[in-house]
Amino acid sequence: MREEEVETAIKVVVVGNGAVGKSSMIQRYCKGIFTKDYKKTIGVDFLERQIEINCEDVRLMLWDTAGQEEFDAITKAYYRGAQACVLAFSTTDRDSFEAIPSWKKKVEDEVGEVAMVLVQNKIDLADQALVQEEEADELATRLNMKFYRTSVKDNVKVDDVFMYLADRYLTQLDAVVEDEEPQQTIGKSSLFTSENNSVGNKSEKKKDGGTITLQPSKRRTRGKKISLHKCSVV
C-alpha cells in the first residue's frame with residue numbers, strides 16, 4: 001500500500017513533429033483555451049495541472065518539446081526523469097505520422113520504457129487527411145500502445161489522454177510497492193544488490209539491531225487536496 005494523503009507528481013513529455021498541436025493540446029488541457037495562431041516552440045514549455053484519480057491527488061507536469069531537429073540537443077535533456085510520454089502526430093501531416101517510431105526511440109533512449117500513449121490530433125480536419133484510419137490503427141498495434149484520436153480545437157478526447165497516462169503510472173507504482181512488500185530482512189554480513197525499477201523508486205538501507213532492512217522509497221510530497229481544475233503556469 002502507498003502512503004495516504006500524499007500527492008504524486010508525474011512528469012509527462014509531449015513529443016512529435018512541429019505543428020502537430022502539442023502546445024495547443026497542453027494549453028487546452030491546463031487552461032481550457034485554444035488558439036488557431038501557430039507559434040513554434042523554442043526548446044521547451046511547461047505547464048501543470050492538479051487532478052484527482054480514485055481519491056488520490058496527482059500533479060501532472062506537462063513538458064511541451066520543440067519538434068524541429070535543430071532543438072534536439074536541448075529537448076532531449078528534458079526527457080530525462082519523465083515517467084510518461086505522449087507521442088503526437090497530425091491527421092494532415094504524413095511526415096509526422098511516419099516519424100512516430102523515431103520519436104519513441106528518442107524518448108526511450110533517454111528514459112527507458114515508460115507509460116506512453118499515441119495521439120492522432122486534428123481529426124476535425126478529416127477532409128484533409130493524409131493518414132488513413134487503418135494505418136494509424138496498425139501503427140498503434142505494432143508499437144503496442146494505447147491510441148486516441150483527438151481534436152484539440154473541439155476538445156475531443158484531450159482529457160482522456162492524460163487521465164490514461166496518470167492512471168497507468170499509478171497502477172505501475174502500486175505494482176512496484178506491492179512487489180517490494182513485505183520488507184526483506186537479512187543479516188549484517190550478507191551481500192545484496194538493489195536495482196532501480198521502471199517507475200523510479202529506489203531501495204534504501206536502514207540499520208536496526210544488527211540487521212539491514214530494505215524498503216521502497218516513495219517519490220511523494222505531502223500535500224492537501226487540490227481542486228480538480230486548478231492549473232498553474234511555471
Side-chain angles (χ1 to χ4, degrees), residues 2 6-27 29-30 40-51 53 57-89 96 99-119 143-146 161-177 179-180 193-204 216-223 231-234:
R2 287 178 283 117
V6 293
E7 176 192 76
T8 302
I10 307 175
K11 179 177 179 179
V12 182
V13 291
V14 183
V15 303
N17 283 13
V20 301
K22 301 187 301 296
S23 299
S24 297
M25 182 179 297
I26 291 178
Q27 292 280 336
Y29 184 65
C30 288
K40 181 169 67 174
T41 301
I42 306 299
V44 296
D45 283 335
F46 171 78
L47 287 175
E48 290 185 350
R49 176 168 170 175
Q50 304 277 0
I51 63 175
I53 298 180
D57 289 331
V58 176
R59 178 163 58 99
L60 291 175
M61 303 177 293
L62 307 180
W63 294 81
D64 169 25
T65 62
Q68 289 74 24
E69 289 186 5
E70 61 263 32
F71 298 116
D72 269 3
I74 299 174
T75 57
K76 286 174 67 175
Y78 286 94
Y79 297 163
R80 295 164 196 161
Q83 292 132 335
C85 174
V86 176
L87 295 169
F89 69 94
S96 70
I100 287 297
S102 175
W103 283 110
K104 183 174 184 289
K105 184 178 186 304
K106 286 180 182 180
V107 174
E108 290 181 338
D109 284 348
E110 296 296 328
V111 301
E113 293 185 5
V114 295
M116 287 190 174
V117 62
L118 180 65
V119 171
L143 298 180
N144 192 28
M145 295 174 63
K146 182 74 171 179
V161 170
F162 296 103
M163 288 291 287
Y164 166 77
L165 286 176
D167 184 68
R168 175 79 182 275
Y169 176 79
L170 291 177
T171 299
Q172 292 175 337
L173 191 60
D174 281 332
V176 168
V177 173
D179 286 345
E180 292 182 346
T193 60
S194 175
E195 297 181 354
N196 294 344
N197 60 58
S198 62
V199 292
N201 288 353
K202 296 180 180 179
S203 296
E204 58 185 8
S217 63
K218 301 172 181 61
R219 299 178 63 175
R220 302 302 193 87
T221 56
R222 293 278 177 183
C231 299
S232 59
V233 182
V234 178

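Because only heavy atoms are used, hydrogens play no part in the values below, and waters and symmetry mates are left out as well, while side chains stay in.
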Stepwise side chain to side chain contact (heavy atoms under 4.5 Å, CB included) check, D64 with L47: CA-CA 8 Å; D64 169 25; L47 287 175; over 6 Å; no
Atom CG of N144: over 12 foreign heavy atoms under 6.0 Å: no
Any non-hydrogen side-chain atom of [X] less than 4.5 Å from a side-chain atom of [Y]?
| X | Y | answer |
| --- | --- | --- |
| V58 | Y169 | no |
| I26 | F46 | no |
| Q83 | Q172 | no |
| T65 | Y79 | yes |
| M145 | K104 | yes |
| V119 | M25 | yes |

Considering all heavy atoms of both residues, which atom of [X] and which atom of [Y] are nearest to each other, and what is their separation?
| X | Y | result |
| --- | --- | --- |
| I51 | A166 | CD1-CB, 4.1 Å |
| G16 | K22 | O-NZ, 3.1 Å |
| V15 | C85 | CG2-SG, 3.9 Å |
| V20 | A88 | CG2-O, 3.9 Å |
| A99 | N17 | CB-OD1, 3.5 Å |
| K11 | Y78 | NZ-O, 2.7 Å |

Can you tell me how far apart [atom1] ([X]) and [atom2] ([Y]) are? Round to the nearest 0.5 Å.
| X | Y | atom1 | atom2 | answer |
| --- | --- | --- | --- | --- |
| E110 | K105 | CD | NZ | 10.0 Å |
| L173 | I10 | CG | CD1 | 8.5 Å |
| L60 | M163 | CG | CE | 9.0 Å |
| K146 | L118 | NZ | CG | 12.0 Å |
| C30 | L62 | SG | CG | 4.5 Å |
| L143 | I100 | CG | CD1 | 8.0 Å |

R49 to F162, cation-pi by 6.0 Å centre distance and 45° axis angle: no
